[in-house]
Amino acid sequence: IEQIEGEVSTYSLSNNYPNPFNPSTKIRFTIPERGNVSLKIFNLLGSEVAELVKGEIEAGTYDISFNASNLPSGIYFYQLIAGEFLQTKKMILIK
């Protein structure tokens with residue numbers, strides 16, 4: 001996980017890049033205040049396949065890499081939970 005400098009005023013979860021991807025992609029998210037954050041990856045059936053962030057982190061913008069070399073091709077979802085903020089987005093793994 002890499003923190004990016006700059007002032008932050010809102011929660012956000014960006015689209016992963018690249019998408020579709022093989023085998024790794026980057027996910028960017030922003031949190032405006034220190035707090036507990038969870039960033040998880042789910043398969044199409046709703047099963048959790050990875051937990052990229054879990055715990056308390058400082059306010060800021062973060063880039064995190066996700067390597068899916070151990071997963072089959074398909075559609076996956078990534079979900080950010082931070083305080084009252086919850087957002088889920090779709091990504092596609094093509095091998």
Side-chain angles (χ1 to χ4, degrees):
I1 188 167
E2 176 186 348
Q3 185 173 12
I4 299 166
E5 296 296 320
E7 207 167 299
V8 176
S9 61
T10 61
Y11 289 97
S12 70
L13 177 62
S14 300
N15 291 327
N16 65 302
Y17 180 81
N19 191 21
F21 68 99
N22 177 27
S24 63
T25 188
K26 283 196 172 193
I27 300 169
R28 178 174 285 187
F29 65 91
T30 301
I31 58 168
E33 58 191 26
R34 178 184 175 100
N36 284 322
V37 174
S38 169
L39 180 61
K40 295 180 180 181
I41 311 292
F42 299 92
N43 65 18
L44 201 53
L45 300 175
S47 300
E48 182 181 320
V49 296
E51 185 170 45
L52 305 180
V53 178
K54 180 183 179 181
E56 194 166 315
I57 60 174
E58 295 294 328
T61 299
Y62 295 87
D63 271 345
I64 187 160
S65 293
F66 172 57
N67 186 325
S69 57
N70 61 332
L71 296 173
S73 295
I75 297 172
Y76 293 87
F77 298 93
Y78 55 106
Q79 180 180 71
L80 177 69
I81 301 173
E84 298 293 314
F85 180 81
L86 183 147
Q87 191 169 16
T88 304
K89 294 203 172 193
K90 179 173 74 170
M91 60 184 169
I92 300 170
L93 171 62
I94 297 178
K95 291 191 173 182

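- Here the closest non-hydrogen pair linking A68 and F21 is CB-CE1, 3.8 Å.
- A 4.5 Å side-chain heavy-atom check between I27 and S14 finds every atom pair outside the cut-off.
- Linking Ile, Leu, Val, Met, Phe, Trp and Tyr residues whenever their side-chain heavy atoms come within less than 4.5 Å places L80 and V53 in a single cluster.
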* Apply side-chain contact (heavy atoms from CB on, under 4.5 Å) to T88 and F42, showing your working. => CA-CA 10 Å; T88 304; F42 299 92; 6.0 Å; no
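- Counted within 6.0 Å of CD on E84, heavy atoms from surrounding residues, nucleotides or ligands total 12 or fewer; the atom is thus considered open.
- At a threshold of 4.5 Å between side-chain heavy atoms, the hydrophobic network of Ile, Leu, Val, Met, Phe, Trp and Tyr places L93 and I64 in one connected group.
- Put simply, the side chain of N67 reaches to within 4.5 Å of the side chain of P23, judged on heavy atoms.
- Checking side-chain atoms of S24 against main-chain N and O of F66 turns up no donor-acceptor pair under 3.5 Å.
- Using modelled atom types, one side-chain atom of K95 and one backbone atom of S69 make a donor-acceptor pair closer than 3.5 Å.
- Contact record, Y76 with N43: CD2-CA, 3.7 Å, taken as the closest heavy-atom pair.
- Looking at heavy atoms from C-beta onward, F29 lies in side-chain contact with V37 at the 4.5 angstrom threshold.
- Side-chain contact between K40 and I81 is absent, with no heavy-atom pair separated by less than 4.5 Å.
- Residues L13 and Y78 have side chains in contact (heavy-atom distance under 4.5 Å, counting atoms from C-beta outward).
- Residues L71 and V49 share a closest heavy-atom pair of CD1-CG2, 4.0 Å.
- For K54, the NZ atom sits in a loose shell: 12 or fewer heavy atoms of surrounding residues, nucleotides or ligands are nearer than 6.0 Å.
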Decide side-chain contact (heavy atoms from CB on, under 4.5 Å) for N19 and T25; before the verdict, give the C-alpha distance in whole Å, the side-chain angles of both, and the deciding distance to 0.1 Å. CA-CA 7 Å; N19 191 21; T25 188; 5.6 Å; no
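- T30 places no side-chain N or O within donor-acceptor distance of the main-chain N or O of Y11, the cut-off being under 3.5 Å.
- No side-chain heavy atom of K89 sits less than 4.5 Å from a side-chain heavy atom of N16.
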